[in-house]
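To keep things clear, I will list the structure first and then write my remarks on it.
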Amino acid sequence: DSGVTQTPKHLITATGQRVTLRCSPRSGDLSVYWYQQSLDQGLQFLIQYYNGEERAKGNILERFSAQQFPDLHSELNLSSLELGDSALYFCASSAPGAGANVLTFGAGSRLTVL
Amino acid sequence: GQNIDQPTEMTATEGAIVQINCTYQTSGFNGLFWYQQHAGEAPTFLSYNVLDGLEEKGRFSSFLSRSKGYSYLLLKELQMKDSASYLCAVELTGANNLFFGTGTRLTVIP
């Protein structure tokens, strides 16, 4: 158990629908990152939050949005789902301060769009 | 743009040594990470290099040459459980995230 909790583990839905993925970071970590991993693809950075504020944005589609709440948990909202959105979505967290920015990943949420 | 190159697949024998190479071309560089990812599971941190040279951690070692944009991960005394994907990732200057390569899928055979 990495200490990063993601729910749900698996999700099957239809095209056009909307889903919400949830992430709780490790205790003490202020940063939350969302990554998408499609079949045979690398981890694609979507977005990062630090202590409730958006810190960096990657190749996140306009149909996707995220936020980090005061208790530091984060949600990734995916709307108008398409078949190509089927992927593993990972959340990671990291500790504040200097030094290597080691990301600790959750177990992922596997989204299947039919 | 950013680019990381790693071999797609490698096979090695149990008990042997394997070296997984990674080359990168990025606009800015803070450090280089290696992660291990078993199929369908979360990536787990293996090593971090910021300065040139070799970092050794048990059976795993990682090397970095900043001037050549090159790193490798060395796995010794291979075990069957080392069958996994190995992800090379660069922390970009001024960024707060890691840019990952597509990974090298290592298969350890008896």
Side-chain angles (χ1 to χ4, degrees), chain A residues 1-6 9-10 23 25-26 29-51 53-60 66 68 87-112, chain B residues 1-9 20 22-51 55 57 60 62 64 71 84-107:
Chain A
D1 183 0
S2 67
V4 179
T5 305
Q6 288 189 248
K9 283 189 168 44
H10 301 277
C23 168
R26 284 189 322 171
D29 286 358
L30 300 182
S31 281
V32 168
Y33 307 75
W34 286 98
Y35 281 83
Q36 178 193 55
Q37 188 175 42
S38 303
L39 196 63
D40 294 331
Q41 296 253 333
L43 285 161
Q44 302 292 319
F45 170 67
L46 295 178
I47 198 163
Q48 181 216 353
Y49 284 85
Y50 178 83
N51 203 20
E53 294 189 2
E54 182 183 302
R55 180 62 68 90
K57 210 173 216 183
N59 297 324
I60 188 167
Q68 186 179 28
L88 260 173
Y89 290 84
F90 285 105
C91 169
S93 70
S94 68
N101 189 27
V102 178
L103 271 57
T104 301
F105 285 83
S109 293
R110 182 176 293 280
L111 172 66
T112 302
Chain B
Q2 325 295 350
N3 189 56
I4 294 178
D5 286 315
Q6 304 179 236
T8 305
E9 294 189 8
I20 302 174
C22 169
T23 57
Y24 60 90
Q25 301 88 36
T26 58
S27 53
F29 177 89
N30 270 356
L32 190 136
F33 292 77
W34 284 95
Y35 278 78
Q36 180 191 60
Q37 185 180 24
H38 286 98
E41 297 183 10
T44 56
F45 170 75
L46 288 178
S47 68
Y48 174 68
N49 294 72
V50 62
L51 300 175
E55 295 280 343
K57 193 186 290 187
F60 293 4
S62 57
L64 175 67
S71 173
S85 288
Y86 291 86
L87 313 178
C88 174
V90 169
E91 183 180 24
L92 305 173
T93 305
N96 295 290
N97 60 85
L98 301 185
F99 178 75
F100 282 85
T102 53
T104 298
R105 187 179 305 165
L106 173 67
T107 302

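All heavy atoms count here, side chains included; hydrogens, waters and symmetry mates do not. These numbers were taken from a predicted model, which means no experiment stands behind them. Chain naming here is simple, since letters A, B, ... match the order of the sequence lines and numbering starts at 1 in each.
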Review point. If you measure from CG on B/Leu98 to CG on A/Leu103, what distance do you get to the nearest 0.5 Å?
Key: 5.0 Å

**Study point:** Considering all heavy atoms, the nearest B/Glu41-A/Phe90 contact
**Key:** O-CZ, 3.4 Å

Revision key, fill the gap. Shortest non-hydrogen pair, B/Pro43 vs A/Leu43, comes out as CG-CD1, 3.8 Å

**Study point:** Over 12 non-hydrogen atoms of neighbours within 6.0 angstrom of NZ in B/Lys57
**Key:** yes

Review point. Which bit of A/Ala107 is near chain B, if near means a heavy-atom gap under 4.5 Å: side chain, backbone, both or neither?
Key: backbone

Exercise for review: Determine whether more than 12 heavy atoms belonging to other residues, nucleotides or ligands lie under 6.0 Å from atom CZ of A/Arg55.
Suggested key: yes

Review point. Do A/Asn101 and B/Tyr48 have side chains that get closer than 4.5 Å, going by heavy atoms?
Key: no

**Study point:** Proximity breakdown for A/Gln37 and chain B, heavy-atom pairs closer than 4.5 Å
**Key:** side chain

Study note, to complete from the structure: Taken to the nearest 0.5 Å, the spacing of B/Asn97 CG from A/Phe45 CZ works out to 4.0 Å

Point to revise | Smallest separation among heavy atoms of A/Gly106 and B/Ala42, with atom names | key: O-CB, 2.9 Å

Review point. Is there a donor-acceptor pair closer than 3.5 Å between any side-chain N or O of A/Tyr35 and the backbone N or O of B/Phe100?
Key: no

